[in-house]
2 protein chains.
Amino acid sequence: MQDVARLAGVSTITVSRVLRQPEKVKPETRDRVQAAVQALGYVPDLIAGSLSSRESRQVAAIVSTLAGSIFASTVEGLAQTLREQGHQLLLGTSEYSAASEEQLIATALSRRPDGLVLTSGDHTPRARRMLADAGIPVVEVWDIPEAPFDMAAGFSNVEAGRAITQFLVETGRRRIGFIGGQHEGDQRGRLRHQGYATALKEAGLGEPRSIADSTIVSMVERGARNLAMLMDRWPDTDAIFCASDSVALGALSEARRRGIAVPERLAVAGFGDFEFAGDFGLGLTTVRIPGRAMGAAAGRLILDRKRGAPGMVKIVDLGFEIVRRGSA
Amino acid sequence: MQDVARLAGVSTITVSRVLRQPEKVKPETRDRVQAAVQALGYVPDLIAGSLSSRESRQVAAIVSTLAGSIFASTVEGLAQTLREQGHQLLLGTSEYSAASEEQLIATALSRRPDGLVLTSGDHTPRARRMLADAGIPVVEVWDIPEAPFDMAAGFSNVEAGRAITQFLVETGRRRIGFIGGQHEGDQRGRLRHQGYATALKEAGLGEPRSIADSTIVSMVERGARNLAMLMDRWPDTDAIFCASDSVALGALSEARRRGIAVPERLAVAGFGDFEFAGDFGLGLTTVRIPGRAMGAAAGRLILDRKRGAPGMVKIVDLGFEIVRRGSA
DNA sequence: TTGAAAGCGTTACCAG
DNA sequence: CTGGTAACGCTTTCAA
């Protein structure tokens with residue numbers, strides 16, 4: 001920066017101003033400085049800048065995985081929104097890691113991000129304390145928590161599970177099963193299951209028929225195995241709601257293998273509307289989730305807060321949508 | 001840090017040492033400092049640390065998109081490898097953005113990352129200069145460039161295109177088409193096409209039959225449209241190689257629509273082995289790409305270099321694999 | 001509209 | 001094994 005300043009015949013602070021608030025510098029001076037920046041190929045050091053200005057122009061996000069098209073679009077929406085407003089994304093994934101969310105949060109915070117995006121869920125007291133101490137905007141995505149830590153951008157998993165189950169009821173199904181969620185660590189799957197159970201009760205359709213054997217690694221295989229178990233136990237089942245589209249895909253394979261006609265004898269509904277849900281065979285009936293929009297909204301919430309926008313909304317409910325295709 | 005030092009009755013530099021090189025501090029002192037860190041809930045400031053130590057323990061990656069399961073696993077593999085070795089990922093996506101790769105590189109470099117991961121391709125002279133000036137390890141992924149900028153972790157797209165085409169030839173196909181790649185901006189698709197054309201020539205099978213209408217947004221739709229165009233123009237085509245699995249998925253739909261039997265009358269091969277390639281209908285014959293491994297290798301190359309590992313490998317060829325399923 | 005000086009919180013370097 | 005002091009490269013005052 002000193003080199004640039006020298007070449008332009010100004011002081012370093014003027015160079016800084018040209019870069020950060022060009023309008024505060026006289027056009028001639030500005031041009032001279034910009035020429036010097038170009039000539040020297042100067043790249044500012046944001047680390048030094050951040051230390052000095054106490055803002056990092058960086059937002060951290062922690063997701064469990066990018067695989068399976070689940071959080072990928074959310075991360076993408078977030079990254080794009082941040083970039084458009086001059087911020088960068090610091091990404092942490094927790095998959096296959098013994099490191100607790102707590103640990104990941106601590107690591108992220110040590111970079112002094114201007115905000116943090118998390119998937120909603122239970123956070124430990126220690127995690128909550130760290131977040132509070134950091135004093136930065138925090139957005140939980142992929143659900144509307146009952147007691148949000150700070151802000152949230154998501155949809156109601158309970159309502160979504162209830163809605164798709166009601167949809168199955170409306171299409172004449174009476175013996176509806178559930179597979180593939182509600183295991184430990186899948187809080188959102190559990191919420192969907194809760195919605196499913198509620199809908200059953202409201203329709204007077206008896207007890208839930210749920211299988212959630214999580215000993216199988218792949219979601220698709222899990223879907224196949226779980227459907228098999230469910231049909232063995234409740235052979236007259238006429239519809240299933242799967243906790244995710246990949247589980248539904250596995251269930252469809254298993255149904256084909258067993259010669260169970262879909263949707264005639266068994267309706268299959270998924271969850272997520274993943275990229276190819278409409279592009280194989282009869283198409284998967286599912287619940288569309290605003291993945292990308294949640295990321296974008298999370299970015300906006302953080303940046304608005306940072307700007308000190310007045311009358312801030314804290315919870316953004318982006319809803320969901322039932323997409324009917326051939327499988328149910 | 002001063003608070004911690006005071007509470008532990010040591011100087012700040014000792015606190016720093018306990019955190020970064022615990023073995024250099026006497027156990028008793030160390031315990032006292034660690035207790036103080038706990039008591040105060042101290043979170044070190046990596047920004048200040050980076051400024052001082054001139055290493056950021058952060059690696060930047062720039063990919064075009066996380067959608068479509070293309071780069072997601074690579075990013076995940078990278079993030080995991082970095083995390084395991086105490087580094088963090090700074091992620092930039094270029095999608096839908098007018099900002100050039102150049103701009104993204106400049107932004108990433110301003111954080112002084114310890115390394116940079118890029119998808120291979122043409123980089124502008126200015127970009128190359130910035131990379132050179134930064135003096136950090138750079139890894140190109142998703143191809144083995146002829147003239148790598150620095151290091152590379154990938155596979156040969158040309159060879160992969162050649163191999164799958166040869167496979168189709170070996171299974172008795174003689175009039176083999178290509179759809180969905182080779183348009184502007186898809187350098188790797190072009191390389192696969194080149195391999196395809198080479199294989200045709202080697203087998204004496206005449207001129208390429210290629211369609212690459214890139215005016216359609218979705219890859220799946222593009223596959224459908226392109227297959228339609230190809231079959232209209234060369235009705236006797238008996239096999240196609242699709243530049244990606246999503247294109248292949250679209251082609252399969254279109255074939256179904258037209259009553260073209262797959263694989264009897266038309267063999268369909270994809271590229272990528274995306275997550276669900278084996279899970280719909282007859283299963284997609286495709287080329288499996290080591291997505292996650294490329295990310296992990298890229299991380300290792302950068303961290304090894306940083307450590308000054310001797311006799312460094314600069315190019316890691318992770319190969320590819322033909323996966324035969326029902327479609328070809 | 002521009003500049004001088006004083007940090008930002010940490011680590012490198014060199015002593016003790 | 002521990003500590004003092006001086007950076008690291010920039011931005012924030014506060015003045016001119």
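Excluded from the calculations below are hydrogen atoms, water molecules and symmetry mates; all remaining heavy atoms, backbone and side chain alike, are included. All values derive from a computational prediction rather than experimental measurement. Chain A is the first sequence line, chain B the second, and so forth, proteins listed ahead of strands; every chain is numbered from 1.
For dT10(C), its base sits under 3.5 Å from the side chain of Ser52(B) at one donor and acceptor pair at least. At a cut-off of 3.5 angstrom, the base of dG3(C) holds at least one donor-acceptor pair with the side chain of Arg17(A).
Atom CE of Met294(B) is separated from atom OG1 of Thr74(B) by 4.5 Å, given to the nearest 0.5 angstrom. Atom CD of Gln58(A) and atom CD of Gln58(B) lie 5.5 Å apart (nearest 0.5 Å). Separation of atoms CD1 (Ile144(A)) and CG (Asp317(A)) is listed at 4.0 Å; rounding is to 0.5 Å. Between atom CG of residue Leu318(A) and atom OG of residue Ser156(A) there is a gap of 12.5 Å, rounded to the nearest 0.5 Å. Note that CE of Met1(A) is 5.0 Å distant from OH of Tyr42(A), once rounded to the nearest 0.5 Å. Atoms CD1 and CG, from Ile302(B) and Asp114(B) in turn, are 9.0 Å apart once rounded to the nearest 0.5 Å.
Rounded to whole Å, the distance from CZ on Arg112(A) to P on dG9(C) is 8 Å. Rounded to whole Å, the distance from CD on Gln21(B) to P on dC13(C) is 12 Å. Computed from coordinates, the Leu19(B) CG to dT10(C) P distance equals 9 Å when rounded to whole Å. Spacing between atom NZ of Lys24(B) and atom C1' of dT11(C) amounts to 13 Å, rounded to whole angstrom units. Whole-Å rounding puts the Met1(A) CE to dT2(C) C1' distance at 13 Å. Summarising the geometry, the separation between CG on Leu51(A) and C1' on dT11(C) is reported as 12 Å, rounded to the nearest angstrom. Put simply, CG on Asp45(A) is 18 Å from P on dC8(C), counting in whole angstrom units.
One N or O on the side chain of Thr107(A) and one on the backbone of Gln103(A) form a donor-acceptor pair closer than 3.5 Å.
Each of Leu46(A) and Ile13(B) was matched to the nucleotide of DNA chain D holding its nearest heavy atom; the match closer to the 5' end belongs to Ile13(B). The nearest heavy atom of DNA chain D to Pro44(A) and to Gly9(B) marks one nucleotide each, and the one closer to the 5' end goes with Gly9(B).
When the side-chain nitrogen and oxygen atoms of Arg54(B) are compared with OP1 and OP2 of dA12(C), none of them lie within a distance under 4.0 Å.
A salt bridge is absent between Asp45(B) and Arg111(A): the closest approach of a Lys/Arg side-chain nitrogen to an acidic carboxylate oxygen does not fall below 4.0 angstrom.
Contacts of Thr29(A) with the nucleic acid, taken as non-hydrogen atoms under 4.0 Å apart, involve only primed sugar atoms and P, OP1 or OP2.
Over its length, the helix from dT1(C)-dA16(D) to dG16(C)-dC1(D) turns its helix axis by 20°, as judged from the five terminal pairs at each end, rounded to 10°.
Of the candidate nucleotides dG3(C), dT11(C), dT2(C), dT2(C) has the atom lying nearest to any side-chain atom of Lys26(A).
Two residues are said to be in side-chain contact when any heavy atoms from C-beta on lie closer than 4.5 Å; Leu303(A) and Leu82(A) meet this criterion.
Reading DNA chain D from its 5' end, the first and the last nucleotide to sit under 4.0 Å from a heavy atom of chain B are dC1(D) to dG9(D).
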